[in-house]
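Inspection log for the structure reproduced underneath, given as structure tokens.
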Amino acid sequence: MTIENNEKPAVSNFIRTIIDNDLASSKHTKVVTRFPPEPNGYLHIGHAKSICLNFGLARDYGGVCHLRFDDTNPIKEDVEYVDSILADVRWLGFDWQDKLFYASDYFDRLYDFAELLIMEGKAYVCDLSQEEIREHRGTLTVPGKDSPYRGRTPAENLDLFRRMREGEFEEGTRSLRARIDMASPNLNMRDPVIYRIKKAEHHRTGDKWLIYPMYDYTHCISDALEGITHSICTLEFEDHRPLYDWFLDQLPVPCHPQQIEFARLNLTYTVMSKRRLLELVQKGTVRGWDDPRMPTIAGMRRRGFSPEAIREFADRIGVAKANSIVDFELLQFCVREDLNRRANRVMAVLDPIKLTIEDYPEGKTELLEAENNPEDPAAGKRQIPFSSTLYIERDDFDENPPKGWFRLAPGAEVRLKHAYYVTCKEVKKDADGRVTELICTHDPASRGGWTADGRKIKGTLHWVSAEHSIPAELRLYDQLFTIADFNDMEEGKDFEDYLNPDSLSVKTGCRVEPSLAQASRGERFQFLRLGYFNVDDDSTPEHLVFNRIVTLKDSWARQQNK
RNA sequence: UGGGAUGUCGUCUAAUGGUAGGACAGCGGACUCUGGAUCCGUACGUGAGGGUUCAAAUCCUUCCAUCCCAGCCA
């Protein structure tokens with residue numbers, strides 16, 4: 001485990017209580033967990049919760065967490081996904097050491113166990129079609145009917161199962177089923193299929209197998225074979241637990257792990273289902289799995305969220321069994337908290353308006369010193385060029401300012417960060433009345449941003465020198481959806497009806513300070529007063545591209561909204 | 001309408017018969033060369049009814065609400 005838990009102690013939750021009791025009662029002397037993704041898609045923030053939970057538990061209890069790919073359905077899986085999952089887990093900061101497994105590694109043993117079940121009369125080959133199986137299953141309120149093939153002898157079943165493996169039968173014509181109870185009120189116990197014929201190439205086992213085991217059969221056995229103590233999964237598997245336990249009770253496995261279910265993560269203003277995320281990608285609604293608006297790990301990484309922030313978020317949301325939806329604000333808080341500590345401050349102007357200092361020598365350049373991070377003196381200082389022609393933010397000037405306005409206005413004096421106090425003397429406009437240039441004077445005594453007379457200057461603006469600044473593209477993001485909680489979706493509406501048309505806003509013609517020319521891909525900054533940004537993967541030295549990770553808190557905007 | 005689960009501030013989450021606590025969001029203030037950060041303060045909650053108990057979020061009981069399950073997906 002690469003992450004030390006040297007911060008505050010973890011908050012109590014029901015899973016830790018279970019583990020504490022198991023350790024106290026000597027049911028277990030160590031803790032072994034696992035994160036078991038199916039490699040059929042990209043990981044999202046919901047998976048991150050599970051990853052942090054499982055690896056975090058192992059870390060805190062001095063145990064180990066396995067990474068196991070649940071690769072029992074070859075037609076949906078691909079190495080592309082295993083690679084991305086490996087990368088994402090590693091990026092999040094977790095280390096599975098040598099405990100990397102694949103359910104497909106157990107196919108031989110799984111097969112042998114199946115023959116054992118057959119020989120003991122606990123499984124049979126069923127010739128019912130998929131539709132017929134469904135009909136026989138009954139409904140939520142009506143018990144199922146036994147399959148006509150339920151009474152086959154072990155010898156007959158063994159023969160048929162072996163011929164299934166040899167590829168003698170077509171897909172869908174036969175399956176291996178556990179013989180449990182067709183009248184069980186739990187549908188999962190009504191003779192579930194445990195092997196199906198699939199003449200598909202598997203990304204790891206190739207064409208070796210023509211039959212593949214089902215999740216319910218595979219998962220519990222894999223857990224047992226790996227010596228998992230606590231098998232943690234999401235709530236929808238609660239009804240599967242009796243089946244999980246049933247298989248382990250029938251088979252000579254080394255141990256019987258305990259399945260524990262917790263509520264999956266939901267976040268406001270986003271979707272988490274693989275199906276919906278896939279649809280966004282396939283329809284081109286977003287640019288891909290790593291679109292910075294996506295709740296995928298890849299998307300959040302590209303957006304600039306740090307693994308530290310995501311881990312902190314996972315810790316703060318806790319673990320429980322109640323269905324819930326976490327406020328996206330909390331994630332943003334965690335990102336800000338982390339970046340505030342670590343990101344260097346620089347200046348960039350999103351929407352430039354020219355500001356000319358009429359009493360500053362034209363053509364003169366001076367270098368002003370600026371701290372890189374007031375939260376971290378070790379981050380050092382840098383020099384920023386200043387000249388008579390600057391750009392400031394268009395929003396930082398208002399010809400008719402509202403009450404409480406600290407920024408620039410006709411006749412008003414403001415501080416240019418790290419530079420001088422300036423006073424607006426004249427406003428130039430074009431034919432349409434749009435402001436084109438602000439003519440100001442400056443106070444030479446305020447160099448460095450401060451004067452001896454101690455007069456109060458409330459407004460401090462960011463700026464760049466027109467001549468020295470470099471152009472950049474800034475991409476601003478907002479929530480992908482306009483609805484906080486999809487449980488509140490109106491009848492007859494689809495999730496895509498709630499897409500936010502303004503989730504992406506690309507700003508060109510922005511100007512950034514010259515130090516950013518050297519910024520490397522992925523590097524994170526605070527653009528003073530604008531928010532945290534990182535260098536996007538699309539960025540080149542000729543065309544800088546930044547993503548806004550998250551805005552700063554804006555109490556002025558909040559006040560204006562009142 | 002069968003079975004399984006869950007209901008604690010707006011949101012997430014503690015409290016395991018003994019002072020309902022924390023975090024985010026909110027509100028107010030201080031401070032500030034970022035209307036940032038920081039600091040301080042503040043309001044807000046046990047789904048409902050009955051019962052047991054000196055004492056109930058916790059135990060019992062009856063309701064109510066929400067979520068999950070009828071894949072040869074995981």
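Letters A, B, ... mirror the listed sequences (proteins, then strands); counts begin at 1. Reckoned from all heavy atoms, side chains included, excluding hydrogens, waters and symmetry mates.
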Quiz item: Which one is paired to B/U58, where only Watson-Crick or G-U wobble pairs with both distances under 3.5 angstrom count?
Solution: none

Quiz item: If we ignore angles and hydrogens, is there a donor and acceptor under 3.5 Å between the side chains of A/D78 and A/H203?
Solution: no

Self-check item: Whole-Å gap separating P (B/C24) and CZ (A/R558)
Solution: 13 Å

Practice problem: Assess whether one donor atom and one acceptor atom, taken from the side chain of A/E329 and the base of B/U11, lie less than 3.5 Å apart. | Solution: no

Self-check item: From A/F161, A/F113, A/Y212, residue fulfilling ring-ring contact (aromatic ring centres under 6.0 Å, His included) relative to A/Y195
Solution: A/F161

Quiz item: Base, sugar-phosphate, or nothing for A/S12, non-hydrogen atoms under 4.0 angstrom?
Solution: sugar-phosphate

Practice problem: May I ask you to say what A/Q526 touches in the nucleic acid, namely base, sugar-phosphate or nothing, with a heavy-atom cut-off under 4.0 Å? | Solution: base

Quiz item: Between A/S324 and B/U13, does any side-chain N or O lie under 4.0 Å from OP1 or OP2?
Solution: yes

Practice problem: Take atom CZ of A/R529 and atom P of B/A37, then tell me their distance rounded to the nearest Å. | Solution: 14 Å

Quiz item: For residues A/N186 and A/S184, is any side-chain donor paired with an opposing acceptor at under 3.5 Å?
Solution: no

Self-check item: B/C72 versus B/G10 - spacing of their C1' atoms, nearest Å
Solution: 46 Å

Practice problem: Both distances under 3.5 Å, Watson-Crick or G-U wobble: report the partner of B/G36, or none. | Solution: none

Quiz prompt | Touch class at under 4.0 angstrom, heavy-atom based, for A/L128 against every strand present | solution = base

Quiz item: In whole Å, what separates the P atom of B/G36 from that of B/C9?
Solution: 30 Å

Quiz item: Do A/K199 and A/E171 sit within salt-bridge range, that is, some charged N less than 4.0 Å from a carboxylate O?
Solution: no

Quiz item: So, A/R407 and A/E393, do they make that salt bridge, N to O below 4.0 Å?
Solution: no

Exercise. Give the rounded distance in Å between these two atoms: NZ of A/K199 and P of B/C72.
Key: 19 Å

Quiz item: Rounded to the Å, how far apart are A/H240 NE2 and B/C73 C1'?
Solution: 10 Å

Quiz item: Taking a pair as Watson-Crick or G-U wobble with both distances under 3.5 Å, which nucleotide is matched to B/G2?
Solution: B/C69

Quiz item: Does OP1 or OP2 of B/C73 have a side-chain N or O of A/K198 closer than 4.0 Å?
Solution: yes

Quiz item: Within the structure shown, what part of the strands sits under 4.0 Å from A/R407 by heavy-atom distance: base, sugar-phosphate, or nothing?
Solution: base

Quiz item: NA contact type, A/R137, heavy-atom cut-off 4.0 Å: base, sugar-phosphate, or nothing?
Solution: sugar-phosphate

Exercise. May I ask you to verify if any side-chain N or O of A/T141 is less than 4.0 angstrom from the OP1 or OP2 atom of B/G3?
Key: no

Quiz item: What is the base-pairing partner of B/C31, counting Watson-Crick and G-U wobble geometry with both distances under 3.5 Å?
Solution: none

Quiz item: Taking 4.0 angstrom as the limit, do A/E308 and A/R342 come out as a salt bridge?
Solution: yes

Quiz item: When we call it a touch if two heavy atoms are under 4.0 Å apart, what does A/I317 touch: a base, just sugar-phosphate, or nothing?
Solution: sugar-phosphate

Quiz item: CG of A/N188 versus P of B/G2: gap in Å, rounded?
Solution: 18 Å

Quiz item: So, A/W556 and B/G35: ring centres less than 5.5 Å apart, planes less than 30° off, yes or no?
Solution: yes

Quiz item: Are A/R68 and B/A74 close enough that a side-chain N or O sits under 4.0 Å from OP1 or OP2?
Solution: no

Quiz prompt | Any strand: nucleotide that pairs with B/C63 via Watson-Crick or wobble, under 3.5 Å | solution = B/G47

Quiz prompt | B/U42 - base-pair partner by Watson-Crick or wobble geometry, distances under 3.5 Å | solution = B/G26

Practice problem: Using whole Å, report how far NZ of A/K456 lies from C1' of B/G35. | Solution: 15 Å

Practice problem: Searching all strands shown, indicate the nucleotide that pairs with B/A15 (Watson-Crick or G-U wobble; both distances under 3.5 Å). | Solution: none

Quiz item: To the nearest Å, how far apart are A/I15 CD1 and B/U13 P?
Solution: 12 Å

Quiz item: With both distances under 3.5 Å as the test, what is the Watson-Crick or G-U wobble partner of B/A74?
Solution: none

Quiz item: What does A/Y212 touch in the nucleic acid at a heavy-atom separation under 4.0 angstrom: a base, only the sugar-phosphate, or nothing?
Solution: nothing

Quiz item: If you look at every strand shown and take non-hydrogen atoms under 4.0 Å, does A/P37 touch a base, only sugar-phosphate, or nothing?
Solution: nothing

Practice problem: Please work out whether B/G71 sits syn or anti, treating a glycosidic angle within 90° of 0 as syn. | Solution: syn

Quiz item: Using the P atom in both, what is the distance from B/A57 to B/G49, to the nearest Å?
Solution: 13 Å

Exercise. Please evaluate the base of B/G3 for a donor-acceptor partner in the side chain of A/D239 within a cut-off of under 3.5 Å?
Key: yes

Quiz item: Ion pair present between A/E366 and A/R447, side-chain N to carboxylate O less than 4.0 angstrom?
Solution: yes

Exercise. Report yes if at least one side-chain N or O of A/R196 is closer than 4.0 Å to OP1 or OP2 of B/A74; otherwise report no.
Key: yes

Self-check item: B/A20 and B/A56, which share atom name P, separated by this distance in whole Å
Solution: 11 Å

Quiz prompt | Gap between atoms NE2 and P, on A/H219 and B/C73 respectively (whole Å) | solution = 17 Å

Self-check item: Distance-only donor-acceptor test (3.5 Å): side chain A/R345, base B/U34
Solution: yes

Exercise. Answer yes or no: is there an ion pair linking A/D105 with A/R68, defined by an N-O contact shorter than 4.0 Å?
Key: no

Exercise. Tell me what A/F333 touches on the nucleic acid: a base, only sugar-phosphate, or nothing, going by heavy atoms under 4.0 Å.
Key: sugar-phosphate

